[in-house]
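Here is the structure we will look at.
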Amino acid sequence: MTAFSLINIVLLAILVATAVTITRLRALYEAAMLAALFSLVTACLFVLLDALDVAFTEAAVGVGISTVLILGVLALTRSREAVTQRRRRLPGVAAVLLVGGTLGYASLDLPAFGAADSPVHSHPLTEVYLHQSQEAVGIPNTVTSVLASYRGLDTLGELVVVFTAGLAVVSLLGPLRRRRPTRPERPRPIADFDLADYRVIRVVSGGLLPFVLLFALYVLFHGEYGPGGGFQAGVIFASGFVLYGLVFGLDRAQRVVPHAALWSLVTLGLLVYIGLGMATMLLGGSFLDYDVLAPGNPATGQHLGILVVETAIGITVASVMTTIFFSFAGRGVSR
Amino acid sequence: MTGQLPVLQVAAPLLCAPLCVLLRSRTVAWLLFLVASLASLTCAALLAVRVDRSGTLRYAMGDWQAPYGIEFVVNGFNTPVLLLVSLSAVVVAVYSRRSVAGELAPRRVPLLYACLCLTLAGLLGLAITGDVFNAFVFLEISSLSTYTLIAMGRRRQALLAAFRYLVIGSVGAVFVLIGIGLAYAVTGTLNMGDLAQRVTGGHDNRSLQAAVVLVFVGLAVKMAVFPLHAWLPAAYAEAPSAVSTFIAATGTKVAIYVFCRFAFTVFGATLVFGAMPVGRIGLLLAALGILLGSAAACFQDDLRYLLAWSSVAQVGYIVAGVSLATTAGVSAAYLHMIMHSVTKAALFATAGLLLLRLGTVRLAALAGVGRRMPWTFAAFVVAGLGLVGVPPTAGFVSKWALVTALVEQGQWLVLAAMLSGSLLAVFYVGRVVEVAWFREPTADAEPAAAPASMVTAIWFLVLLSVSFGFDASLPAHLADAAASALLGNGGG
Amino acid sequence: MIASHYVYWTFFALMLIGLYVVISHGNLLKKLIGLTLFQVGVFLFYIGLGKRDGGSAPIISDGVEVYSHPLPQVLILTAIVVGVATLAVGLALAVRIFEAYGTVEEDEVVERDRADLATGHDGHQAAGRDSGGS
């Protein structure tokens, strides 16, 4: 117990120190790297707080996708922040004091951290999600069963948000025109730095790629038994493509997954998810009621439904993240 | 199949969004948006009839009974909102065909319709859900698609408007999230009905009070209540015309509904308006918002900014009604929500048509417009009278209801603010009319022809507003039902 | 009180640091980084609510009796995704703002808009750029 508290305190101290440093740094590359560190420490803290799925996702998103995107944008824009003017400080300080006061006031009646008798743990939800779900859904990882079945609509909404983000980035940064395959390749400027010229990087990343993709599949299908699931798998899958694009160049990466195919995949995942909901309605159940997928054997139906949902999430997330990366990277090439 | 109506309400536009992107044709995308909005209007109408006849409808997602799963709840308090949002979507669908074609690069058009479908689905979902976290998810869907739509505006100012809205909107959403978290910490549930039951009696729980504050501050951003309104003018004014018509008619209204839902049926009026001074603060901010918004509208020299600032003031009117926390007040607020939505949509649509025909809506460029395009501008004048609240327009009916509700409670200062707001409205609408009708036309170039579909949409809204002015029984019935559903048993 | 609540207070402190950056810093990218910090603070707070002393991850296995609550974890999985989606859109907007104005400092952007207004320039975007690049 003391060891736990000690690790906790150390991690929390690192988090606060990192956050403060990020606010003070005007060099944005450094700030972005520290933000990645911040996410990594957060992920460790999530593990300590028993949230393995969340830790997994935070590591993939915070350290992976977010950092790549921020670095990509810094390359496209300016990497040094102007000095914050004094007159801007006042509203920030005022907001911090007001919100801080409210939160401090709130904490006076919060149940003690980790208490077993808090409303969260004594509500009947706990019993249903932890124990009854074993019969009703039959999946050891209760996070997956709550995510995909009990609160399947939230997860659909989450997927829609990802889809919207993909739409937004493509609408803002392109490419909106389909690339003409006959267009001659632009000669690369001599000074251009290309990672594919380094044999070590080329060989290592080429060798790593199949394993990254395999791991993504493992994470996808293992989500019922251990931490993992469609979203994490999608992000890992996308990071495989991002790695390929970084090392071998955007053109080659886009030849592997053409833009049009990517867009079809983006919509495919979402359509499968909504289609599953429609199908359960046509079979006489409610929206996203997987029981009706296998009449007479609800647990099988739930398994099937959750598998379809996770796959749909994986497809859309992977293709949206890849699209977003290509959009940012393509913007750099076109300038 | 009728049992599935609540979910079809949201699923129809949600399904159309990916199809718009997949099929990539401008006409098909537009048709899909039209179909989506017609389908949701049908659902909303059928739901309204059923609720009117047999009371609350509940729909358990995935057949998991609440509070274990997510449920949709349809009741008197949200049928007006569902109808309002769907009807606005249908009108905007008719309007947008030519409006969007004139403003956007062709490649972007399917994306715009996809985002409109998503915004529609998000707003409808926000209005229909009975789960607080699910409400957050739908809030984010509608917000994220709205940021995207605003960024599609033709001027570069649209980008900054969208970015600012994104930052402040996300901060607001995170506030809502913290508030929900605090409420969850002390109740252990996310279902609105279950929360309401567990909240009763906990009025001196400090976490709960903080939850109320944080949720309401977050929603106030989305409602554009003074002093959190700063994002609104540029966002409305820089968005493509069809988009500003749609979000001006629906965006803040749905947020106000969510505020009512939380205040009356989740946290409960005794906590929010009894133990905490939310009502008094609401009235104060409403009065300030009315004065500031109206005054700022007088100084604008761009028609769309003028209308957007007037929206800030109008939010104040609605918030004032809600803050009274009386049946009359809430009913008047709903009524004004409906009436103002129709009126402001008509005004933004007209501004969009003027923009399309003239290329600019700077007031200076509008000189003599009334004489050159009398029909377009007549629509503006009639809708403008509705904004001021001149009888017999829709604006008069709802403002009268608000005045009555305020007098009932003896809120003279708010009443004074409201009346001066209306006087200022006379001034800023009058200013536009003066320029357009009594000044000599400057440009001699012939304005572009007015597309029939856009004119139809505008006149439909204008006539609707006038007919509500003569016979407000339908909106009044909806508003009364909403108020009694909110203040009565609640219905979870 | 300190022993039982210091974890929450630290999470609140993280939120506040993020909130300060969002409001007070003028650099658009820094604002977005601040927003991420703000959100992460909230994520930690939610996960903290579900934590139980001596509990383990809510993956049911033999011989384990005490589990932390799965619901906050599910909510935060959703919220993390929403957060990264918002970040991506914000970054894309920042790139476009840089291309249109040549800066990502809010104050400079506003200044340039004022200058536009003074010279009567409409701020109309060039058609080529507007159609979304190559």
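Order of the sequence lines fixes the chain letters, A, B, ..., with proteins taken first and strands second; residue numbering starts at 1 for each chain. Everything numeric in this text was worked out from a predicted model, so none of it was measured.
In this pair, C/Tyr20 and C/His25 present their aromatic rings perpendicular. The plane angle is above 60°, beyond the 30 to 60° band. The aromatic rings of C/Tyr8 and C/Phe11 sit perpendicular to each other, their planes meeting at more than 60°, with 30° as the lower class boundary.
Using a 4.5 Å cut-off between heavy atoms, C/His5 touches chain A through its side chain atoms alone. In this structure, the portion of A/Pro111 lying under 4.5 Å from any heavy atom of chain C is its backbone and not its side chain. Residue A/Ile65 touches chain C through its side chain alone, counting heavy-atom pairs closer than 4.5 Å. Both the backbone and the side chain of A/Ile70 come within less than 4.5 Å of a heavy atom in chain C. Contact of A/Arg86 with chain C is not made at all, since no heavy-atom distance falls under 4.5 Å. Proximity to chain A (any heavy atom under 4.5 Å) is shown, for C/Gln39, by neither the backbone nor the side chain. Both the backbone and the side chain of A/Val93 come within contact range of chain C, judged by heavy atoms closer than 4.5 Å. With a threshold of 4.5 angstrom between heavy atoms, A/Leu147 approaches chain C through its backbone and through its side chain. The contact between A/Arg151 and chain C is made entirely by side chain atoms (from C-beta outward), counting heavy-atom distances below 4.5 Å. Residue A/Ala115 touches chain C through its backbone alone, counting heavy-atom pairs closer than 4.5 Å. Neither the backbone nor the side chain of A/Phe56 comes within contact range of chain C; no heavy atom of the residue lies under 4.5 Å from a heavy atom of that chain. Looking at C/Leu87, the atoms closer than 4.5 Å to chain A (heavy atoms on both sides) all sit in the side chain, from C-beta outward. For C/Leu44, the parts sitting under 4.5 Å from any heavy atom of chain A are the backbone and the side chain alike. Both the backbone and the side chain of A/Leu108 come within contact range of chain C, with heavy atoms under 4.5 Å apart. With a 4.5 angstrom heavy-atom cutoff, C/Ile33 touches chain A only via side-chain atoms.
C/Leu35 has its side chain out of reach of C/Lys31: every pair of non-hydrogen atoms, C-beta onward, lies at least 4.5 Å apart. Between C/Leu14 and C/Phe45, the closest side-chain pair of non-hydrogen atoms is not below 4.5 Å. Two residues are said to be in side-chain contact when any heavy atoms from C-beta on lie closer than 4.5 Å; A/Val143 and C/Pro58 meet this criterion. For the pair A/Ser133 and A/Tyr150, the minimum side-chain heavy-atom distance is below 4.5 Å.
Of all the listed residues (A/Ala112, A/Ala165, A/Pro140), the one sharing the greatest number of non-hydrogen pairs under 4.5 Å with chain C is A/Pro140. In terms of heavy-atom pairs under 4.5 Å with chain C, the best-connected choice from A/Leu159, A/Thr142, A/Val120 is A/Thr142. Comparing C/Val89, C/Ile17, C/Ile47, C/Val84 by how many heavy-atom pairs each has under 4.5 Å with chain A, the most go to C/Ile47. Interface check for chain C: of the options A/Val61, A/Leu103, A/Leu167, A/Val161, the most heavy-atom pairs under 4.5 Å are formed by A/Leu103. Of the listed residues (C/Ser24, C/Ala79, C/Ala13, C/Ala57), the greatest number of heavy-atom pairs within a distance under 4.5 Å of chain A belongs to C/Ser24. Of all the listed residues (A/Ala19, A/Gly157, A/Ala32), the one sharing the greatest number of non-hydrogen pairs under 4.5 Å with chain C is A/Ala19. For the set C/Val104, C/Leu71, C/Ile76, the count of heavy-atom pairs under 4.5 angstrom toward chain A peaks at C/Leu71. Per-residue counts of heavy-atom pairs under 4.5 Å with chain A were compared for C/Leu32, C/Val40, C/Val21, C/Ile97; the largest is that of C/Val40. For the options A/Ile324, A/Thr155, A/Leu52, A/Leu130, heavy-atom pairs under 4.5 Å to chain C are most numerous at A/Leu130. Chain A forms the most heavy-atom pairs under 4.5 Å with one residue out of C/Leu91, C/Val82, C/Ile23, C/Thr78, and that residue is C/Leu91. In terms of non-hydrogen atom pairs under 4.5 Å with chain C, the most contact-rich of A/Thr23, A/Val146, A/Thr18 is A/Thr23. The candidate from C/Thr103, C/Ile80, C/Thr36, C/Leu49 with the greatest count of non-hydrogen atom pairs under 4.5 Å with chain A is C/Ile80.
Here the side chain of A/Thr144 pairs no donor or acceptor atom with the backbone of A/Ile139 at under 3.5 angstrom.
From A/Leu173, atom CG reaches atom OG1 of A/Thr323 across 12.0 Å, with rounding to the nearest 0.5 Å.
Looking at A/Arg88 and C/Asp107, a side-chain N of the basic residue comes within less than 4.0 Å of a carboxylate O on the acidic one, giving a salt bridge. With salt bridges taken as basic N to acidic carboxylate O contacts below 4.0 Å, one links A/Arg331 and C/Glu99.
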Decide yes or no on side chain to side chain donor-acceptor pair (under 3.5 Å) for C/Asn27 and C/Glu105, but give the supporting numbers first. CA-CA 4 Å; C/Asn27 184 293; C/Glu105 297 290 334; 2.9 Å; yes
Side chain to side chain donor-acceptor pair (under 3.5 Å) for A/Thr57 and A/Gln232? Distances and angles first, verdict last. CA-CA 6 Å; A/Thr57 311; A/Gln232 294 92 327; 3.1 Å; yes
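Side-chain contact, C/Tyr101 with C/Asp113: a donor N or O sits under 3.5 Å from an acceptor N or O.
A side chain to side chain donor-acceptor pair (under 3.5 Å) with A/His131 is found for exactly one of A/Gln134, A/Glu127, A/Glu135, namely A/Glu127.
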